[in-house]
2 protein chains.
Amino acid sequence: MQYQEAKEKFISTWGSLGSLWGINKAMAQIQALLFVSTKPLTTEEIMEELKISRGNTSMNVRQLIDWGIVTKELVPGERKEYFSTEKDVQELARIIAKERSRREIKPVIRTLEEISSIKDDGSENTQELIRQTKALHDLAETADSILEKIVHQKQNWLTKSVLKMFK
Amino acid sequence: MQYQEAKEKFISTWGSLGSLWGINKAMAQIQALLFVSTKPLTTEEIMEELKISRGNTSMNVRQLIDWGIVTKELVPGERKEYFSTEKDVQELARIIAKERSRREIKPVIRTLEEISSIKDDGSENTQELIRQTKALHDLAETADSILEKIVHQKQNWLTKSVLKMFK
DNA sequence: TTAAACTTTCAATATTTTTTGAAAGTTTAA
DNA sequence: TTAAACTTTCAAAAAATATTGAAAGTTTAA
């Protein structure tokens with residue numbers, strides 16, 4: 001396997017993996033492209049490499065910036081915008097964990113809380129609903145609090161502090 | 001909020017959350033319905049509660065069985081099949097973690113391994129591709145090995161062993 | 001056996017999500 | 001100012017995904 005083929009394979013693998021971390025294909029592919037690029041890229045270059053439209057590129061780069069994964073680079077004397085992504089995988093993982101917690105886990109926790117606190121009318125059905133949503137709520141809270149600790153951990157949390165406990 | 005409304009809210013919340021753990025809406029909703037039901041349900045009952053077709057119900061129940069989350073219950077003297085889901089949230093979390101690792105994380109690790117081991121021709125681009133896919137590969141392996149430990153952990157791993165370290 | 005009761009399959013259809021591209025908007029150099 | 005260079009927006013189109021429903025398949029009781 002040569003460079004070009006390997007690069008394309010990386011971009012497509014990462015792209016189809018987008019769903020795993022909750023973003024769409026183009027967004028994931030743009031991130032992947034920047035991740036293995038040795039220099040910041042322009043909208044034009046991204047469009048050309050990934051064969052996607054200007055609008056698509058613009059919207060997805062904006063979303064990546066929103067997530068805090070991609071930053072605009074200002075090249076002196078250049079009019080157009082250059083983009084680059086966070087290159088450190090640990091930092092990347094931290095950002096993603098934080099955003100997913102904020103966007104998805106926290107709202108669900110709130111909903112489960114609301115549901116599990118309905119009035120107990122004594123019926124078996126109501127009691128089961130309360131019991132099960134409470135159990136899920138507790139699990140989600142615990143998982144989220146672990147994620148939160150990880151997010152606030154300093155560099156190398158994964159290999160150093162966490163892995164030690166499990167290995 | 002009354003029972004019926006709370007139940008519907010739970011099913012729809014869980015359903016739209018399906019993407020978080022990598023399954024489709026109907027599948028997640030069926031699981032949610034069984035999760036708060038006090039007794040196993042038939043295909044007919046699932047269809048009626050969720051207002052989905054027979055085919056849809058059949059296919060998604062099969063997939064849930066495939067995942068190991070739902071089981072067929074044989075009711076003596078009854079011809080039709082009854083379904084119920086794993087009711088313990090910790091066990092549920094373990095099953096899901098295990099399946100996602102097997103279905104998604106492991107294949108990606110293999111691909112990253114393959115890409116990161118292309119021949120280094122000395123060019124900057126190739127070196128960056130190798131370095132970055134290697135870094136991702138290591139992160140994915142570490143995360144997966146943690147997931148694996150969790151999966152093999154006994155009951156209550158979350159609250160007992162893990163939470164203690166982080167709280 | 002047979003036929004009723006039930007389950008599965010899958011082509012067609014519907015729905016949802018993503019992408020396009022051209023027009024509108026913005027910025028900057030002169 | 002103006003106009004070229006660039007970015008954003010968004011309605012329409014395309015692509016991907018999920019759902020339906022009826023026919024085919026399977027199981028079981030008699």
Side-chain angles (χ1 to χ4, degrees), chain A residues 11-34 40-67 70-85 103-104, chain B residues 11-34 40-67 70-85 103-104:
Chain A
I11 290 169
S12 103
T13 302
W14 209 236
S16 61
L17 209 72
S19 65
L20 200 101
W21 47 291
I23 66 173
N24 75 35
K25 201 181 87 184
M27 219 174 129
Q29 290 192 155
I30 292 171
Q31 201 277 327
L33 173 63
L34 294 174
L41 302 179
T42 62
T43 301
E44 212 70 38
E45 290 170 315
I46 295 170
M47 286 168 63
E48 184 164 320
E49 283 260 20
L50 302 180
K51 307 267 180 280
I52 59 177
S53 72
R54 188 173 301 282
N56 202 0
T57 305
S58 172
M59 291 179 95
N60 284 295
V61 165
R62 266 347 100 179
Q63 274 202 263
L64 284 164
I65 291 173
D66 250 27
W67 269 71
V70 161
T71 48
K72 238 182 257 193
E73 304 279 324
L74 297 170
V75 173
E78 282 276 14
R79 180 80 170 276
K80 48 183 171 292
E81 295 176 330
Y82 283 79
F83 305 102
S84 62
T85 190
R103 290 167 196 243
E104 298 180 276
Chain B
I11 290 169
S12 101
T13 301
W14 209 236
S16 60
L17 209 72
S19 66
L20 200 102
W21 47 291
I23 66 172
N24 76 34
K25 202 181 85 182
M27 219 173 131
Q29 291 192 156
I30 292 171
Q31 201 276 327
L33 173 64
L34 295 173
L41 302 179
T42 62
T43 300
E44 212 70 40
E45 290 169 315
I46 295 169
M47 287 169 62
E48 184 163 321
E49 283 258 20
L50 302 180
K51 308 268 182 278
I52 59 176
S53 72
R54 187 174 301 282
N56 202 1
T57 304
S58 171
M59 290 179 93
N60 284 295
V61 165
R62 264 349 98 179
Q63 274 202 262
L64 284 164
I65 290 173
D66 250 26
W67 269 72
V70 161
T71 49
K72 239 182 256 195
E73 303 279 325
L74 297 171
V75 173
E78 283 277 13
R79 180 78 171 277
K80 50 183 169 292
E81 295 176 329
Y82 284 77
F83 304 102
S84 61
T85 190
R103 291 167 196 242
E104 298 179 276

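By convention in this document, chain letters (A, B, ...) are assigned in the order of the sequence lines, proteins followed by strands, and residues within each chain are numbered from 1.
- Between the CD atom of B:Gln63 and the P atom of C:dC10 there is a distance of 15 Å, rounded to whole Å.
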Let's go through A:Met27 and A:Trp67 carefully: what are the C-alpha distance in whole Å and the side-chain angles of both, what is the deciding distance for side chain to side chain contact (heavy atoms under 4.5 Å, CB included) to 0.1 Å, and is it a yes or a no? CA-CA 11 Å; A:Met27 219 174 129; A:Trp67 269 71; 3.5 Å; yes
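- With respect to the salt-bridge test (charged N to carboxylate O, under 4.0 angstrom), the residues B:Arg62 and B:Glu81 qualify.
- Using a 4.5 Å cut-off on side-chain heavy atoms (C-beta onward), A:Phe83 and A:Lys72 make contact.
- When the C1' atom of D:dT7 is taken as reference, atom CD of A:Glu44 falls 11 Å away, rounded to whole Å.
- Side-chain atoms of A:Thr85 and A:Leu64, non-hydrogen and from C-beta on, never get closer than 4.5 Å to each other.
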Under 4.0 Å protein heavy-atom contacts per nucleotide of nucleotides 15-22 of chain C, with B for base, S for backbone only and - for none: ---SSBB-
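- Taken from CD in B:Glu44 to OG1 in B:Thr57, the straight-line distance is 9.0 Å, to the nearest 0.5 Å.
- Between the CE atom of A:Met47 and the P atom of D:dA5 there is a distance of 16 Å, rounded to whole Å.
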Apply side chain to side chain contact (heavy atoms under 4.5 Å, CB included) to residues B:Ile52 and B:Ile30 and explain how you reach the verdict. CA-CA 10 Å; B:Ile52 59 176; B:Ile30 292 171; 4.2 Å; yes
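- Using five terminal pairs a side, the axes of the helix from C:dT1-D:dA30 to C:dA30-D:dT1 at its two ends make an angle of 10°, given in steps of 10 degrees.
- For the atom pair CD (A:Gln63) and CG (A:Asn24), the distance works out to 6.5 Å, reported to the nearest 0.5 Å.
- Atom CG of B:Leu64 and atom P of D:dA18 are 14 Å apart (whole Å).
- The structure places OG1 of A:Thr43 at 10.5 Å from OH of A:Tyr82, a figure rounded to the nearest 0.5 Å.
- Atom pair B:Glu78:CD and C:dC6:P shows a separation of 8 Å (rounding to whole Å applied).
- Distance, B:Arg62 CZ to D:dG25 P: 18 Å, rounded to whole Å.
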So which protein nitrogen or oxygen atoms get under 3.5 Å of nucleotides 26-30 of chain C's nitrogens or oxygens?
from, atom 1, to, atom 2, distance (Å)
C:dT27, O2, A:Arg79, NH2, 2.6
C:dT28, O4', A:Arg79, NE, 3.4

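- Within the 3.5 Å criterion, the main-chain N or O of B:Glu45 finds no donor-acceptor partner in the side chain of B:Glu48.
- Within the 3.5 Å criterion, the main-chain N or O of A:Arg54 finds no donor-acceptor partner in the side chain of A:Ser58.
- Side chains of B:Gln29 and B:Leu33 form no contact here, defined as non-hydrogen atoms less than 4.5 Å apart.
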